[in-house]
There are 2 protein chains.
Amino acid sequence: MNVKPKTVTTTTTNRDDQLDLIFHALANRTRRALLALLAKGPSRVTDLAEPFGVSLNAISKHLAVLEKAGLVSRRIDGRVHHCALVADPMASAGEWIAAYERFWSARLDSFVDYVENEMD
Amino acid sequence: MNVKPKTVTTTTTNRDDQLDLIFHALANRTRRALLALLAKGPSRVTDLAEPFGVSLNAISKHLAVLEKAGLVSRRIDGRVHHCALVADPMASAGEWIAAYERFWSARLDSFVDYVENEMD
DNA sequence: CTAATTGTCAACCATATAGTTGAATGTTAA
DNA sequence: TTAACATTCAACTATATGGTTGACAATTAG
């Protein structure tokens with residue numbers, strides 16, 4: 001008796017925490033642009049910062065936010081940090097959004113119906 | 001010459017502004033829960049607030065954020081405000097995310113390959 | 001060894017967020 | 001007409017955000 005498990009498999013962060021972090025990370029255009037850059041391949045912090053009109057420090061902070069959301073990984077090689085895109089967490093966000101797909105496909109469907117019946 | 005158009009079709013908010021608003025709106029679990037409620041049908045503000053352990057005012061503010069992002073519409077009928085889900089803007093966010101799908105489908109693909117070749 | 005490079009840390013600032021309480025507005029019901 | 005109801009507005013608090021500058025630690029190059 002009283003054998004309820006102590007390790008509750010709390011995945012450290014539950015789904016809501018994770019979605020909070022991911023959506024928050026995506027809610028900034030500079031961070032989205034950083035992800036777009038990383039989609040072209042891994043890159044050093046300085047190179048990532050170069051296209052933006054803000055300080056290296058600001059980019060460093062943005063990368064920390066992305067890292068916390070699991071969207072960026074980092075390999076430290078001497079003094080240079082190589083950052084890489086980790087898109088997997090976006091799948092969670094995408095799935096969450098996809099659950100609402102039927103609510104916006106309706107309009108499209110009626111447009112399709114309209115087009116399909118236009119020959120009448 | 002010098003006939004460049006003056007009305008640049010600035011849709012008042014450009015795509016980045018819109019994504020900022022949408023992702024920010026989604027980056028809060030209470031607001032996501034509100035959208036989930038509204039997915040079941042339109043609802044009055046008071047009814048929306050009832051399941052949450054926060055003040056009506058807090059919910060009122062969350063609804064304002066969702067409205068600003070275009071995710072909620074409101075029909076005022078006397079003293080009661082009827083809120084409804086407007087999922088369409090989610091499509092933009094979904095499309096943005098979908099552009100990264102190939103970066104996480106890789107893993108899934110190799111799993112599919114593995115399964116498909118398991119008979120060898 | 002010294003100097004330049006890479007990147008973070010620390011402190012600071014202005015603004016935004018999420019929440020509160022209390023008052024105000026408008027609407028419906030008794 | 002008065003009282004209850006449905007919401008927002010206003011003011012306030014605590015914390016987070018995005019940015020800055022300057023210092024620091026570590027690595028590499030001259």
Side-chain angles (χ1 to χ4, degrees), chain A residues 13-14 16-38 41-85, chain B residues 13-14 16-38 41-85:
Chain A
T13 52
N14 68 136
D16 276 333
D17 289 337
Q18 201 193 310
L19 287 174
D20 283 356
L21 290 175
I22 296 168
F23 281 128
H24 169 248
L26 299 184
N28 176 283
R29 70 195 64 192
T30 300
R31 286 194 292 266
R32 288 196 303 276
L34 284 170
L35 292 174
L37 284 181
L38 288 172
S43 187
R44 313 183 317 149
V45 174
T46 304
D47 291 345
L48 284 171
E50 190 269 329
F52 299 94
V54 297
S55 68
L56 179 65
N57 275 15
I59 298 300
S60 180
K61 282 186 181 184
H62 281 307
L63 287 171
V65 172
L66 290 168
E67 220 177 345
K68 192 167 155 197
L71 291 166
V72 159
S73 70
R74 187 188 301 252
R75 180 176 51 84
I76 300 177
D77 187 20
R79 66 182 166 184
V80 37
H81 298 210
H82 293 275
C83 296
L85 174 67
Chain B
T13 51
N14 67 135
D16 276 332
D17 289 338
Q18 201 192 311
L19 287 174
D20 283 356
L21 291 175
I22 296 169
F23 280 129
H24 170 248
L26 298 184
N28 177 282
R29 70 194 65 192
T30 299
R31 285 193 293 266
R32 288 196 302 276
L34 285 169
L35 293 174
L37 283 182
L38 289 172
S43 188
R44 313 185 314 150
V45 174
T46 304
D47 291 345
L48 283 172
E50 189 267 329
F52 299 95
V54 298
S55 69
L56 179 66
N57 275 13
I59 298 299
S60 180
K61 282 188 181 182
H62 281 306
L63 287 171
V65 171
L66 290 168
E67 220 178 345
K68 192 166 156 196
L71 291 165
V72 159
S73 70
R74 187 188 301 250
R75 180 175 51 84
I76 300 178
D77 186 21
R79 65 184 166 184
V80 36
H81 297 210
H82 293 275
C83 297
L85 174 67

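Just so we're on the same page: letters track the sequence lines, and every chain starts at 1.
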task = Check B:His62 against B:Thr30 and note the closest heavy-atom contact, atom names and distance.
result = CD2-CG2, 3.7 Å
ask   = How would you label the contact of B:His24 with the nucleic acid (heavy atoms, under 4.0 Å): base, sugar-phosphate, or nothing?
value = sugar-phosphate
Validation row: A:Arg74, A:His82 side chains within 4.5 angstrom (heavy atoms) = no
task = Could you tell me the separation between the CG atom of B:Leu66 and the C1' atom of C:dT17, rounded to a whole number of Å?
result = 14 Å
request  = Check A:Leu85, A:Leu38, A:Leu34 against A:Ser43 for a side chain to side chain contact (heavy atoms under 4.5 Å, CB included) and give me the one that passes.
outcome  = A:Leu38
ask   = Counting side-chain heavy atoms from CB outward, which of C:dG19, D:dG19, D:dT8 is closest to B:Leu56?
value = D:dT8
task = May I ask you to say what B:Arg29 touches in the nucleic acid, namely base, sugar-phosphate or nothing, with a heavy-atom cut-off under 4.0 Å?
result = nothing
request  = For B:Arg32 and A:Asp16, indicate whether the former's side chain and the latter's backbone hold a donor-acceptor pair under 3.5 Å.
outcome  = yes
ask   = Please give, in whole Å, the distance from C:dA18 C1' to B:Ile59 CD1?
value = 11 Å
message = Please confirm whether the shortest side-chain N or O distance from B:His81 to OP1 or OP2 of D:dA6 is below 4.0 Å.
response = no
ask   = Between A:His62 and A:Val80, which has a closest nucleotide on DNA chain D that is more 5'?
value = A:His62
query = CZ of B:Arg74 versus P of D:dT7: gap in Å, rounded?
reply = 9 Å
request  = Select base, sugar-phosphate, or nothing to describe what A:Asn57 touches, counting heavy atoms under 4.0 Å on all strands.
outcome  = base
task = List the steps and the verdict of side-chain contact (heavy atoms from CB on, under 4.5 Å) for A:Leu26 and A:His24.
result = CA-CA 5 Å; A:Leu26 299 184; A:His24 169 248; over 6 Å; no
task = Answer yes or no: does a side-chain N or O of B:Thr46 lie under 4.0 Å from OP1 or OP2 of D:dT7?
result = yes
query = Do A:Arg79 side-chain and D:dT27 base share a donor-acceptor contact under 3.5 Å?
reply = yes
ask   = A:Leu26 has an atom CG; how far is it from atom P of D:dG18, in whole Å?
value = 12 Å
Rounded distance (Å) that lies between atom P of C:dT6 and atom CG of A:Leu63 = 15 Å
Candidate nucleotides D:dG19, D:dA6, C:dT6, ranked by approach to the side chain of B:Arg44 - the nearest = D:dA6
task = In whole angstrom, give the distance that lies between atom NZ of A:Lys61 and atom P of C:dT6.
result = 21 Å
note = Rounded to whole Å, the NZ-C1' distance (B:Lys68 to C:dT17) equals 11 Å
remark   = Between CG of B:Asp20 and C1' of C:dT17 the distance, given in whole Å, is 15 Å
inquiry  = Using a 4.0 Å heavy-atom cut-off, does A:Ser55 contact any base of the nucleic acid, only the sugar-phosphate backbone, or nothing at all?
reply    = base
ask   = Do the side-chain N or O atoms of A:Ser60 get closer than 4.0 angstrom to the phosphate oxygens (OP1, OP2) of C:dT8?
value = yes
